[in-house]
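To start, the structure itself, in structure tokens.
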Amino acid sequence: MSDTSINLDELRQRIDQLDSDILNLISERANCAQQVAHVKLAEDKDAVFYRPEREAQVLRRIMALNKGPLDSEEMARLFREIMSACLALEQPIKVAYLGPEGTFTQQAALKHFGESAVSLPMAAIDEVFREVEAGAVHYGVVPVENSTEGVVNHTLDTFMDSSIKICGEVVLRIHHHLLVSETTRRDKVSRIYSHPQSFGQCRKWLDAHYPHAERVPVSSNAEAAKLVKTEWHSAAIAGDMAAKLYGLEHIAEKIEDRPDNSTRFLIIGNQDVPMAGEDKTSIVVAMRNQPGTLHALLEPFHRHQIDLTRLETRPSRTGVWNYVFFIDFKGHRDEPRVAAVLEEVRLRAADLRVLGSYPIGVL
Ligand SMILES: C=C(O[C@@H]1C=C(C(=O)O)C=C[C@H]1O)C(=O)O
């Protein structure tokens with residue numbers, strides 16, 4: 001036996017020993033999580049076991065402690081799955097998302113809650129809201145903005161008619177691929193299916209490579225992937241999940257015009273989330289239509305040095321609400337300086353609703 005094979009055996013024995021240790025530690029962790037669940041139940045029989053702020057703290061702590069060689073995000077993803085499995089022992093989390101199966105929203109839901117969550121596809125954004133409001137699921141996941149294409153208006157509008165709360169956010173890097181089925185004549189692609197947002201994100205690439213192909217907008221990327229299964233002259237733009245689900249092949253990968261293309265999704269629920277340490281707050285404010293309105297709205301944020309991360313205007317849908325602003329900023333509603341700003345803005349506004357304070361997306 002050569003030296004390398006002796007080393008290999010030794011290393012494998014060491015790995016076996018480490019795996020046994022990891023196994024025992026994960027089991028011990030799962031036992032602890034089960035005990036936490038019993039404590040929560042003893043305090044409140046309708047307790048929700050999932051705690052967004054605690055999970056964010058666990059993941060942030062792991063990332064801070066990590067010394068490599070695995071990178072911190074990779075390590076946090078592993079712990080994400082361990083937490084997800086621990087939680088599922090007591091109460092599998094049910095999550096409604098904007099479907100169908102294979103969409104980026106499903107990918108976002110699993111990234112946020114882990115693979116042990118039960119994810120249920122809904123046909124429309126308002127259905128996701130309704131399922132959460134009715135208590136049929138614990139949480140919902142909806143897209144809210146894309147770095148290339150901008151805001152998902154329908155999601156913002158749905159908040160105006162709902163009492164739902166924002167409990168978290170998750171940002172997903174969006175990679176689009178040009179996909180075909182086994183039977184597609186790759187040199188004869190004359191039609192491309194995708195969601196309008198995805199066409200927007202791949203516009204330049206399509207103009208350069210498929211200027212003459214007909215672009216057919218459909219309701220989701222997953223729907224596009226499904227359609228090309230049966231058409232020999234068609235291709236779809238969709239992501240990895242849809243490609244895998246429908247067994248499609250890649251003609252071209254990562255065809256998005258901007259390499260940093262990403263989408264932000266919101267986690268919606270019925271829960272007020274306590275402070276995690278690094279939080280964001282989302283509010284919707286209605287202002288009267290008079291000069292100086294926007295300045296009056298933003299001035300308190302500036303004075304209290306609160307960092308705005310987003311400001312969107314939507315047309316009001318009632319007579320009272322002339323202008324409606326959706327504002328995201330850093331901080332939690334329970335922090336005194338945030339509470340002070342909210343109080344000041346409330347006095348200046350026709351209406352103000354806090355949609356939620358929640359941990360800034362960790363992964
Ligand atoms: C164990 C708890 O409950 C759940 C499981 C967690 C975990 O496995 O670390 C963290 C938060 C909760 O979602 C807890 O609240 O500490």
Side-chain angles (χ1 to χ4, degrees), residues 19 21-67 70-97 105-120 128 131-132 135-142 164-172 265-281 332-334 356-363:
D19 284 349
D21 295 347
I22 294 170
L23 173 70
N24 289 333
L25 288 170
I26 292 176
S27 301
E28 214 178 300
R29 190 191 193 285
N31 278 325
C32 276
Q34 272 185 312
Q35 285 172 35
V36 171
H38 293 143
V39 174
K40 286 180 188 169
L41 260 189
E43 284 170 2
D44 171 6
K45 70 172 177 38
D46 300 319
V48 183
F49 298 149
Y50 173 76
R51 299 301 296 263
E53 78 289 3
R54 171 68 184 152
E55 297 213 345
Q57 285 164 347
V58 170
L59 295 177
R60 284 198 190 113
R61 180 169 168 276
I62 290 298
M63 290 172 92
L65 286 174
N66 180 44
K67 295 197 186 78
L70 291 184
D71 84 34
S72 295
E73 268 203 25
E74 195 57 56
M75 193 58 101
R77 268 197 289 277
L78 294 173
F79 274 81
R80 163 67 285 157
E81 289 307 326
I82 293 174
M83 278 200 289
S84 178
C86 288
L87 188 69
L89 264 183
E90 284 307 298
Q91 186 187 50
I93 287 288
K94 275 204 271 177
V95 186
Y97 64 93
T105 314
Q106 184 183 24
Q107 203 179 322
L110 295 177
K111 181 180 178 192
H112 188 80
F113 290 99
E115 299 276 338
S116 302
V118 178
S119 60
L120 305 160
V128 178
E131 286 291 290
V132 177
V137 293
H138 296 101
Y139 299 97
V141 182
V142 288
I164 220 86
K165 292 166 184 165
I166 302 177
C167 303
E169 64 169 6
V170 55
V171 177
L172 197 68
F265 298 84
L266 294 176
I267 314 301
I268 54 172
N270 294 308
Q271 203 176 0
D272 281 319
V273 181
M275 240 187 279
E278 284 174 59
D279 304 278
K280 228 185 223 183
T281 298
H332 191 283
R333 66 195 296 182
D334 292 344
S357 289
Y358 50 90
I360 293 176
V362 182
L363 283 176

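In each ligand, atom 1 is the first atom listed, and ligand 1 is the first ligand listed.
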Considering only non-hydrogen protein atoms, determine which one is nearest to atom 3 (O) of ligand 1 and report residue, atom name and distance to 0.1 Å.
Lys40 NZ, 3.0 Å

If you round to the nearest 0.5 Å, how far is CG of Asp272 from NZ of Lys165?
4.0 Å

Sidechain N-carboxylate O distance under 4.0 Å for Lys40, Glu43:
no

Start with the C-alpha gap between Gln271 and Tyr50, add the side-chain angles, then the distance that decides, and say whether side-chain hydrogen bond (donor to acceptor under 3.5 Å, both in side chains) holds.
CA-CA 10 Å; Gln271 203 176 0; Tyr50 173 76; over 6 Å; no

As an exercise, identify every atom of ligand 1 less than 4.0 angstrom from a heavy atom of Met83.
7 (C), 8 (O), 9 (O)

Rounding to 0.5 Å, atoms CG (Asp334) and CE (Met275) come to a distance of 5.0 Å

Number the atoms of ligand 1 from 1 as they appear, then name those within less than 4.0 Å of a heavy atom of Leu87, with their elements.
4 (C), 13 (O)

Can you check which of Val39, Ile82, Val36, Val48 brings a heavy atom nearest to atom 1 (C) of ligand 1?
Val36

How far is atom 6 (C) of ligand 1 from its nearest protein heavy atom, and which residue and atom name does that atom have?
Glu55 OE2, 4.0 Å

What's the spacing between His112 NE2 and Ile93 CD1 if we round to 0.5 Å?
9.5 Å

Side-chain touch Leu172/Gln107, heavy atoms, less than 4.5 angstrom:
yes

Is the closest basic N to carboxylate O distance between Arg80 and Glu115 below 4.0 Å?
no

May I ask you to list the atoms of ligand 1 that are less than 4.0 angstrom from any heavy atom of Tyr50?
13 (O)

Between Arg51 and ligand 1, which part of the residue brings a heavy atom under 4.0 Å of the ligand: side chain, backbone, both or neither?
both

Identify, by atom number and element, the atoms of ligand 1 in contact range of Phe49, meaning under 4.0 Å from any of its heavy atoms.
3 (O), 4 (C), 12 (C), 13 (O)

Which heavy atom of the protein is the closest neighbour of atom 8 (O) of ligand 1, given with residue, atom name and distance?
Arg29 NH1, 2.8 Å

